[in-house]
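See below for the structure under consideration.
Quick caveat, the model's predicted, so the values are computed rather than measured.
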Amino acid sequence: MKKVYVMFVALFSILLLTPFTVQTVVDFCSDSREPRLLSFDIFKDSFYAPFKRESSMTENAQKLKEAWRQARENVAAGAISKDESEGLSFAQNLEPVVGALSDLEAVVLAVNTYAQLDSSDDDVRLLRHADTLLNVLEDEPERFQELDSCLKLVTERLGNYSVLRALSSVKNYGAWKGSYLRAFEKTVEDENAVVLAIRPKYQLAVWNLFSDPGEKVVLGSDPSSESDSWLFYRQDVEFLVQPSPLDDRADKLDNPVKAIEVFRDQLKAKGVELLVVVVPGKPSIYPERLTGNDDVKPVMANGDYRGHGKMILDTLTALGFNTVDLYTPLWAAKADDERLGALYLNDDTHWTPRGAELAAREISTKVQQMVNANLVEIGPESMDYVASDSVADRMGDIGEMSGLNKFDVFKVQKVVGHVVSQQIVSERVIPRDSAAVDSSVADSASAAAQDSVAYDTSRIAFKDDFRKAKILILGDSFSRIYQTDSPVNAGWIAHFAKNMKRPVASIVSDGGASTLVREKLARKAGVLKGKKLLIWEFVERDLRFGAEGWKTVELN
């Protein structure tokens with residue numbers, strides 16, 4: 001072999017191994033007593049982790065078996081009482097069982113450092129069925145025997161050490177699988193010491209030279225201002241330019257319409273009506289800020305909106321689904337942007353408080369129409385809510401994705417949210433002989449003849465009410481923003497409750513409203529008890545890019 005080839009191979013090998021070598025040295029020199037040794041994860045996951053997982057599964061299955069045995073003995077001995085002062089409450093009795101099952105589920109799911117067991121796996125389905133039965137047992141005690149059989153099957157299946165199962169996990173989820181290698185590669189990119197040291201400076205240099213904000217970000221071109229361009233999430237843009245999820249060219253994708261139809265039918269079987277809310281992505285409402293061309297409009301001459309998200313929403317409506325159209329009102333509301341501010345944040349994927357409150361109005365209007373048409377019965381108005389202004393600083397999530405925020409490239413945006421609180425008015429009787437009688441309320445003669453009544457007003461923070469609410473909301477980060485982060489209780493959920501004057505409950509999964517949030521619901525299926533309406537909110541890009549796709553999730 002020629003010397004030049006040998007030198008080339010040697011140089012290539014050195015360059016290839018340098019990041020791993022540096023990372024190994026950094027790991028060994030870290031303060032941790034047990035260094036991570038990122039570079040050796042592949043070897044650990046191939047020869048050690050599967051067998052360690054088997055031992056942990058066996059141990060946790062035995063703990064679950066013992067916790068359930070103790071819980072059954074408490075029931076048999078009559079140690080369970082509704083009065084906690086006289087004995088264990090039902091929840092207290094099951095608490096060790098819930099904890100043991102949760103620990104076992106965590107071990108089963110984590111096949112190795114970079115792979116999670118598929119949610120369709122039989123073991124996962126069995127564990128989640130047991131979890132559901134535990135959650136509903138207090139309200140449905142007749143399912144005790146079903147739970148007993150289910151937990152017995154769990155402990156029998158997972159309580160015995162299996163070399164074959166360990167080898168199977170290596171075969172199906174190990175380093176020879178592309179999904180594992182991609183996850184490993186991404187972790188090396190994100191956590192490698194060399195990358196962490198060099199990448200920020202490289203990103204800043206690329207930004208300064210080429211105004212390139214990074215692979216996840218698209219820099220907008222605002223025609224009205226050369227110095228105030230917006231940032232767009234690349235997936236939001238790709239959703240608009242790639243084929244529709246219902247297109248024949250996208251046949252490898254899960255069909256969202258079919259998944260939504262299955263979910264609707266599952267809910268109907270439980271007496272719950274479904275309302276679908278598709279949230280437009282920022283480039284669907286502000287294409288001119290993306291392209292710099294005022295002539296780019298998503299509304300056709302006949303008034304119809306063109307775009308994959310709206311077309312799929314129209315398909316659902318035509319098939320008889322209850323839906324909310326946010327595209328048309330958001331597009332129309334842009335006419336007031338100069339006076340009221342934009343509907344979406346500059347450097348963020350999400351809407352401003354103004355956009356969130358507009359969505360709350362549209363959704364509450366649709367729900368009221370459903371009530372008036374006797375499609376759903378959600379009970380009488382029972383709450384009084386008030387809103388007060390609150391200023392919050394927002395550092396955009398797209399800016400964070402770019403990695404440039406640490407250099408203060410993008411500015412913090414101040415927003416004014418309207419925080420919703422529950423208002424409680426209570427009567428207070430003031431005896432007629434009390435000196436506290438307000439002489440301005442009545443003259444002295446009438447005040448002496450009867451007691452007076454004063455009204456005390458207090459406010460308490462808005463919160464989910466799973467017991468009283470007839471309405472359950474499933475959502476993603478568009479349901480979370482302003483609701484559980486600053487300024488808190490100013491999101492569309494709180495304003496929807498305010499408009500409806502009724503309590504609501506919510507389950508939110510950032511980036512996971514297509515499948516993950518339904519899996520959360522499946523594990524807590526007991527929350528559907530007493531619910532009459534489920535509002536399912538998800539952003540349009542999830543129709544193509546939703547985490548875990550659009551799988552069928554069983555509701556027990």
Side-chain angles (χ1 to χ4, degrees), residues 186 189-191 196 199-200 203-204 206-207 211-222 228-240 277-287 289-290 309 326 330 341-359 390-417 475-493 506 508-514 516-517 537-548:
K186 186 177 186 307
E189 290 178 356
D190 294 340
E191 298 182 15
L196 292 176
R199 177 186 287 166
Q203 289 175 321
L204 182 61
V206 170
W207 170 256
S211 296
D212 184 349
E215 61 181 10
K216 294 182 179 180
V217 184
V218 177
L219 181 65
S221 180
D222 185 353
D228 191 27
S229 296
W230 281 15
L231 298 181
F232 292 84
Y233 184 33
R234 187 172 296 275
Q235 279 194 354
D236 279 333
V237 178
E238 289 179 349
F239 173 77
L240 298 180
V277 180
V278 180
V279 176
K282 185 161 69 171
S284 287
I285 303 301
Y286 288 99
R289 289 184 179 266
L290 173 65
L326 294 180
L330 282 169
L343 295 158
Y344 285 72
L345 296 164
N346 296 4
D347 304 335
D348 200 288
T349 56
H350 302 99
W351 43 31
T352 59
R354 178 186 169 217
E357 291 175 30
L358 183 150
S390 180
V391 179
D393 290 336
R394 298 291 313 183
M395 178 56 75
D397 60 354
I398 309 179
E400 292 288 349
M401 293 177 202
S402 73
L404 295 169
N405 277 352
K406 63 185 66 178
F407 301 108
D408 298 323
V409 171
F410 305 115
K411 299 176 182 178
V412 172
Q413 185 174 357
K414 286 190 178 295
V415 298
V416 178
D476 55 18
S477 56
F478 278 84
S479 293
R480 182 260 305 156
I481 190 169
Y482 315 124
Q483 189 66 28
T484 56
D485 55 8
S486 185
V488 182
N489 292 333
W492 81 262
I493 292 176
S506 64
V508 174
S509 178
D510 272 21
S514 58
L516 297 181
V517 78
E537 172 273 316
F538 52 84
V539 67
E540 64 176 6
R541 66 172 175 269
D542 275 3
L543 291 164
R544 168 178 283 275
F545 300 113
E548 300 294 324

**Asked** From Asp236 CG over to Lys282 NZ, what is the distance, rounded to the nearest 0.5 angstrom?
**Response** 8.5 Å
**Request:** Take Asn346 and Lys411 through the test side chain to side chain contact (heavy atoms under 4.5 Å, CB included) and record every step on the way to the result.
**Result:** CA-CA 9 Å; Asn346 296 4; Lys411 299 176 182 178; over 6 Å; no
**Fill in**
Of all heavy-atom pairs linking Trp492 and Ser479, the shortest is NE1-OG, 3.0 Å
**Fill in**
In short, salt bridge (charged side-chain N to carboxylate O under 4.0 Å, His left out) pairs touching residues 475-490 with sequence neighbours left out are Arg394-Asp485, Arg480-Asp485, Arg480-Asp510
**Prompt:** Is the closest side-chain heavy-atom distance between Thr484 and Val508 below 4.5 Å?
**Reply:** no
**Asked** Which residues pass the salt bridge (Lys or Arg N to Asp or Glu O under 4.0 Å) test with Asp397, sequence neighbours left out?
**Response** none
**Candidate pair Trp351 and Leu326, rule side chain to side chain contact (heavy atoms under 4.5 Å, CB included), full reasoning** = CA-CA 12 Å; Trp351 43 31; Leu326 294 180; 4.2 Å; yes
**Message:** To check you understand the geometry: which heavy-atom pair defines the closest contact between Val409 and Trp207, and what is its length?
**Reply:** CG1-NE1, 3.3 Å
**Asked** Any side-chain heavy atom of Arg289 within less than 4.5 Å of one from Tyr344?
**Response** no
**Asked** How long is the span from the OH atom in Tyr233 to the CG atom in Asp347, to the nearest 0.5 Å?
**Response** 15.5 Å
**Request:** Ignoring hydrogens and angles, tell me if any N or O in the side chain of Lys216 forms a donor-acceptor pair with the backbone of Gln235 under 3.5 Å.
**Result:** no
**Asked** Who passes side-chain contact (heavy atoms from CB on, under 4.5 Å) against Val217, sequence neighbours left out?
**Response** Pro213, Leu231, Ile398, Met401, Ser402
**Item:** By salt bridge (Lys or Arg N to Asp or Glu O under 4.0 Å) - contacts of Glu400 (at least two apart)
**Value:** none
**Asked** What's the spacing between Phe478 CZ and Gln483 CD if we round to 0.5 Å?
**Response** 14.5 Å
**Fill in**
Minimal heavy-atom distance between Leu240 and Pro283, with the atoms involved, is CD1-CB, 3.8 Å
**Message:** My understanding is that only residues two or more places apart in sequence, or in another chain, count here; which of them pass salt bridge (Lys or Arg N to Asp or Glu O under 4.0 Å) with Arg544?
**Reply:** none
**Side-chain donor or acceptor of Ser486 paired with backbone N/O of Ala392 under 3.5 Å** = no
**Request:** Report the C-alpha separation of Val415 and Tyr482 in whole Å, then their side-chain angles, then the decisive distance to 0.1 Å, and conclude whether the side chain to side chain contact (heavy atoms under 4.5 Å, CB included) test is met.
**Result:** CA-CA 10 Å; Val415 298; Tyr482 315 124; 4.2 Å; yes
**Asked** What are the two closest non-hydrogen atoms of Arg234 and Gly214, and how far apart are they?
**Response** NH2-O, 3.8 Å
**Item:** Partners passing side-chain hydrogen bond (donor to acceptor under 3.5 Å, both in side chains) against Lys406 (at least two apart in sequence or in another chain)
**Value:** none
**Asked** How would you list, by chain and number, every residue that makes a side-chain contact (heavy atoms from CB on, under 4.5 Å) with Arg199, sequence neighbours excluded?
**Response** Glu189, Asp190, Val195, Gln203
**Message:** Which residues pass the ring pair (Phe, Tyr, Trp, His ring centres under 6.0 Å) test with Phe545, not counting sequence neighbours?
**Reply:** none
**Results of salt bridge (Lys or Arg N to Asp or Glu O under 4.0 Å) for Arg354 - residues two or more places apart only** = Asp337
**Request:** Could you go through the side chain to side chain contact (heavy atoms under 4.5 Å, CB included) check for Leu345 and Ile481 one step at a time?
**Result:** CA-CA 11 Å; Leu345 296 164; Ile481 190 169; 4.1 Å; yes
**Prompt:** Under the side-chain contact (heavy atoms from CB on, under 4.5 Å) test, which residues partner Asp408, sequence neighbours left out?
**Reply:** none
**Message:** Which heavy atom of Thr352 sits nearest to which heavy atom of Ala342, and what is that distance?
**Reply:** OG1-O, 2.9 Å
**Fill in**
Across all chains, not counting sequence neighbours, the ring pair (Phe, Tyr, Trp, His ring centres under 6.0 Å) partners of Tyr286 are Trp230
**Request:** Decide yes or no for Phe538 and Leu543: does some side-chain heavy atom of the first lie under 4.5 Å from some side-chain heavy atom of the second?
**Result:** yes
**Request:** Measure the CD1-CG distance between Ile285 and Leu330 for me, rounded to the nearest 0.5 Å.
**Result:** 5.0 Å
**Complete:** Those residues at least two apart in sequence (or on a different chain) that pass side-chain hydrogen bond (donor to acceptor under 3.5 Å, both in side chains) with Ser514 are none
**Message:** Give me the atom names and distance for the closest heavy-atom approach of Gly396 to Asp348.
**Reply:** CA-OD2, 3.4 Å
